[in-house]
Amino acid sequence: MPAGDMEATAPLLASDTTLDLHVYVDNTFVEVFALGGRVAMTATIGNGQTVAGMAAWTANTAVRLDSLSVYQMKDIWVPAAALLEQPGQ
């Protein structure tokens with residue numbers, strides 16, 4: 001694999017017939033939560049790395065993607081000037 005590629009596995013139970021993934025990506029980490037939080041994976045990124053894509057696959061079974069939603073996260077960083085403008089500061 002090229003430098004910077006990440007791979008993680010999450011073995012599932014035979015009874016896990018539906019898989020809901022919640023994937024969060026920002027400038028410092030990638031977090032994946034599955035099955036209501038029963039499975040959680042975190043990988044740090046940085047040092048100039050970028051996340052340009054994501055893939056998922058299974059072994060020995062067929063899968064079907066029922067739906068996919070993508071949302072852009074808002075920046076959490078607030079300029080210092082904006083903080084100074086807040087009442088009571």
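Bear in mind that the values here come from a model prediction, so they are computed numbers and not experimental data.
With rounding to the nearest 0.5 Å, the separation of CZ in Arg38 from CZ in Phe33 is 15.0 Å. Separating the CG atom in Leu35 from the OG1 atom in Thr18 is a distance of 9.0 Å, to the nearest 0.5 Å.
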**OP:** Please step through side chain to side chain contact (heavy atoms under 4.5 Å, CB included) for the pair Thr42 and Val30, ending with a clear verdict.
**Re:** CA-CA 6 Å; Thr42 302; Val30 176; over 6 Å; no
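By the side chain to side chain contact (heavy atoms under 4.5 Å, CB included) test, Ala82 is found to be paired with Val78, Pro79, residues two or more places apart in sequence or in another chain being considered. Residues passing the side-chain hydrogen bond (donor to acceptor under 3.5 Å, both in side chains) test with Asp20, sequence neighbours excluded: none.
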